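Shown next, in structure tokens, is the structure this report addresses.
Indexing begins at 1, ligand by ligand and atom by atom, following the structure's order. Fair warning: this is a prediction, and the values are worked out from it, not measured in the lab.
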Amino acid sequence: MNLLLENELNSALVAVFEKNGLDKKFAFVKVSDRSDLSDFQCNGALALAKIAHKNPREIASLIAEELQKIDFIDAVSVDGPGFINIKLKNEFIAQNTDKMAADERLGCGEVDDKHKVVLDYGGPNVAKEMHVGHLRSGVIGESIRRIEKFVGNEVIADVHLGDWGTPMGMILAEIIKTDGNLDKVESYDIAQITEFYKRANIRCKEDETAKEDARKITAELQGGNPQYRKAWQHLRSESIKAIKENYEQLDVNFDLWWGESDAHETCGEIVKIAREKGVSEIDEGAEIIRLEESNKPKPPVIMVKSDGAFGYQLTDIATIKMRYDEFSADEIVYFTDSRQALHFEQVFEVVEKLGIAPNVKLKHIVFGTVNGADGKPFKTRDGGVMNLETLIEMSKDKVRQSLPKAGEVEGYGEKEIEKLTSQIAVAAIKFQDLKNTIVSGYIFELDDFAKFEGKTGPYIQYAIARINSVLRKAKANGINFGKVILQAPEERTLALKLAQIHNVVMRAHNEKEPSIIADYTYNLAQTFSTFYNACSVMNAESAELASSRLTLAKLVRDVLTLMLYLLGIEAPEVMLKAENQG
Ligand code: ARG
């Protein structure tokens with residue numbers, strides 16, 4: 001059950017509309033754009049008037065008059081062409097706030113139509129260093145995973161490792177070129193493996209025969225050559241180890257560590273199904289599926305290349321079938337940058353054509369790139385790809401500038417400081433990413449992202465830590481939690497803001513957009529700060545007011561903590577902010 005203030009208001013409106021023979025489709029309110037005038041507004045009279053060719057103000061006045069009689073409504077006015085502005089009674093808002101504080105889910109409801117959703121994010125590749133693009137996919141995906149679970153859906157998160165394409169053949173070819181054979185493969189660690197891949201990449205760009213060799217090896221690897229398979233197993237498991245470490249640092253989690261290779265058998269089935277349905281054809285030795293050309297030409301899907309290797313699209317088509325057959329997924333959502341837009345369009349169209357996952361909702365969420373100050377994809381100082389490791393280290397270095405040194409604060413030795421540093425550094429990286437709408441991309445703000453002020457992760461963590469300190473102090477002074485009383489305007493504004501949590505989470509879920517939560521979190525932290533400056537807990541005018549404010553403070557702390565959790569960010573109990581900061 002959700003604890004939105006709109007619920008009772010909407011039911012009251014429906015009753016008024018029905019009584020007056022008005023279409024109840026328009027009987028709903030939204031949070032007011034003019035908080036100086038009202039808490040909520042209903043614009044239904046405008047729509048009704050248009051249909052009935054009547055004066056909107058007249059209809060609005062009729063509705064307003066009836067609303068005025070309702071006990072939890074304080075004031076109603078008709079403004080402009082026919083907006084109905086509604087202000088609620090303070091006691092009504094206060095009671096709702098009490099209910100939120102007593103609710104495990106802080107007033108946030110679940111979805112009605114719970115379903116099973118597979119999330120496909122991360123998508124790192126064997127033997128390639130992870131870069132900021134894999135960071136975005138991981139950070140966004142992790143947040144969506146938490147949001148989907150929280151609203152009541154069943155979630156399966158799959159990393160979908162890139163482990164079956166031509167790069168596999170490229171790196172095996174490179175090792176053979178260097179060593180003469182694959183005997184030493186199993187002694188290579190991840191650093192050596194990535195080095196081989198880098199060299200292979202350069203070679204294949206310049207040398208057509210090297211590329212041809214790599215393709216041949218890839219086809220044989222997929223075909224089951226035992227020597228290649230054995231070597232590949234090692235590359236794969238070393239890579240997974242390194243990737244897991246990276247994602248662990250970022251608190252990005254998966255339920256499944258499947259890769260493209262796990263779809264191999266199903267790929268074969270898909271090829272058969274396509275033949276049976278008569279949708280595939282042979283073209284220059286390759287087995288392809290042609291697609292409808294709507295407004296722009298769409299290249300065909302190459303299922304099987306002329307050398308017998310399976311194409312990237314086919315692995316994704318087969319994986320959808322597996323997710324449908326094995327998990328009965330209702331929805332599958334992918335998170336990659338825009339370069340794969342065509343890929344998923346093609347994949348989804350073939351899945352539809354083959355009828356292998358009927359009624360499954362397939363969605364590709366495209367995110368913008370992470371750029372440097374020059375507007376180009378974010379690079380290291382020497383122009384290299386910005387990998388995750390470097391990024392996390394950079395962020396930690398920034399955070400260290402704001403924290404005391406190990407041993408300077410009692411109970412905070414090397415280990416504790418390091419843990420706090422990484423909690424704050426990860427918050428800085430993730431919040432900077434998630435505060436932007438997914439599609440827009442952003443410039444990595446090297447100077448500000450780890451500061452304890454402004455719209456940053458550490459600022460929200462700091463706001464939480466400040467409230468923790470208020471709670472500790474109140475406890476030491478014998479102040480208890482009590483019923484919420486709303487007197488000062490700052491108290492009222494804060495309570496109204498808190499009551500929006502359900503809508504915020506539902507919008508983030510519906511739109512698959514964590515920035516909605518990030519925005520709300522920042523606004524709530526600011527609203528709290530204004531409240532706390534005006535309304536002291538420790539020096540409140542009465543014991544009741546102190547207890548009420550303490551309840552509000554704790555509720556804000558809990559909502560902020562939950563919101564950070566949904567963004568994939570931890571909230572440390574204290575922040576040990578050094579004195580020289582803000
Ligand atoms: N491995 C791919 C890459 O790095 C991303 C995978 C995206 N997910 C998928 N199911 N194809 O570009």
Side-chain angles (χ1 to χ4, degrees), residues 117-142 144-145 155-171 194 197-198 200-201 218 232 235-236 239-240 242-244 246-247 252 254-264 266-267 270 301-303 309-324 326-327 329 331-351 356-357 360-370 377-378 385-388 438 512:
V117 42
V118 173
L119 301 176
D120 183 315
Y121 56 86
N125 301 311
V126 164
K128 281 199 218 173
E129 261 177 306
M130 279 208 271
H131 55 70
V132 283
H134 297 113
L135 162 79
R136 265 220 104 177
S137 179
V139 167
I140 294 168
E142 174 70 16
I144 299 293
R145 182 179 77 83
V155 184
I156 299 171
D158 184 8
V159 72
H160 202 78
L161 203 63
D163 64 355
W164 214 222
T166 320
M168 298 301 104
M170 280 161 61
I171 175 166
T194 29
Y197 175 73
K198 278 185 199 156
N201 204 24
T218 309
W232 166 83
L235 305 179
R236 190 177 188 275
S239 293
I240 289 182
I243 293 166
K244 277 193 174 163
N246 259 304
Y247 279 138
V252 169
F254 301 93
D255 302 302
L256 292 181
W257 280 80
W258 283 10
E260 294 164 1
S261 63
D262 290 296
H264 184 73
T266 317
C267 285
I270 299 287
V301 166
I302 302 172
M303 286 197 299
F310 293 151
Y312 177 41
Q313 278 104 341
L314 184 59
T315 57
D316 264 317
I317 295 164
T319 304
I320 291 177
K321 180 167 166 31
M322 291 165 78
R323 287 168 179 168
Y324 175 77
E326 289 182 35
F327 308 130
E331 186 179 6
I332 306 175
V333 192
Y334 299 84
F335 301 86
T336 80
D337 69 28
S338 58
R339 284 171 298 182
Q340 305 210 20
L342 176 64
H343 166 78
F344 285 108
E345 264 178 55
Q346 292 175 307
V347 166
F348 296 171
E349 197 176 321
V350 172
V351 168
I356 48 175
V360 177
K361 237 165 89 186
L362 300 170
K363 205 184 245 162
H364 178 212
I365 300 216
V366 171
F367 54 77
T369 48
V370 185
F378 198 35
V385 183
M386 177 63 80
N387 70 22
L388 267 180
I438 291 182
K512 302 278 179 284

For ligand 1, output the ligand-protein N/O contacts shorter than 3.5 angstrom; if there are none, return none.
unit_1	atom_1	unit_2	atom_2	d
ligand 1	1 (N)	Gly123	O	2.8
ligand 1	1 (N)	Asn125	OD1	2.7
ligand 1	4 (O)	Gly123	O	3.2
ligand 1	4 (O)	Asn125	ND2	2.9
ligand 1	4 (O)	His134	NE2	3.2
ligand 1	8 (N)	Asp120	OD1	3.2
ligand 1	10 (N)	Asp120	OD1	3.4
ligand 1	10 (N)	Asp120	OD2	2.9
ligand 1	10 (N)	Asp316	OD1	2.8
ligand 1	11 (N)	Tyr312	OH	2.7
ligand 1	11 (N)	Asp316	OD2	2.7
ligand 1	12 (O)	Gln340	NE2	2.8

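Salt-bridge check for Asp255 with Arg323: failed, with every basic side-chain N at 4.0 Å or more from each acidic carboxylate O.
For the side-chain hydrogen bond (donor to acceptor under 3.5 Å, both in side chains) test with Asp316, the passing option among Gln346, His343, Gln340 is His343; the others fail.
Here the side chain of Ser137 pairs a donor or acceptor atom with the backbone of Phe335 at under 3.5 angstrom. Remark: the backbone N or O of Ile438 is paired with a side-chain donor or acceptor of Arg136 at under 3.5 angstrom.
Using a 4.5 Å heavy-atom threshold, the side chains of Ile243 and Leu161 count as touching.
Aromatic ring pairs are classed by plane angle as parallel below 30°, tilted from 30° to 60° and perpendicular above 60°; the pair His264 and Trp164 is perpendicular.
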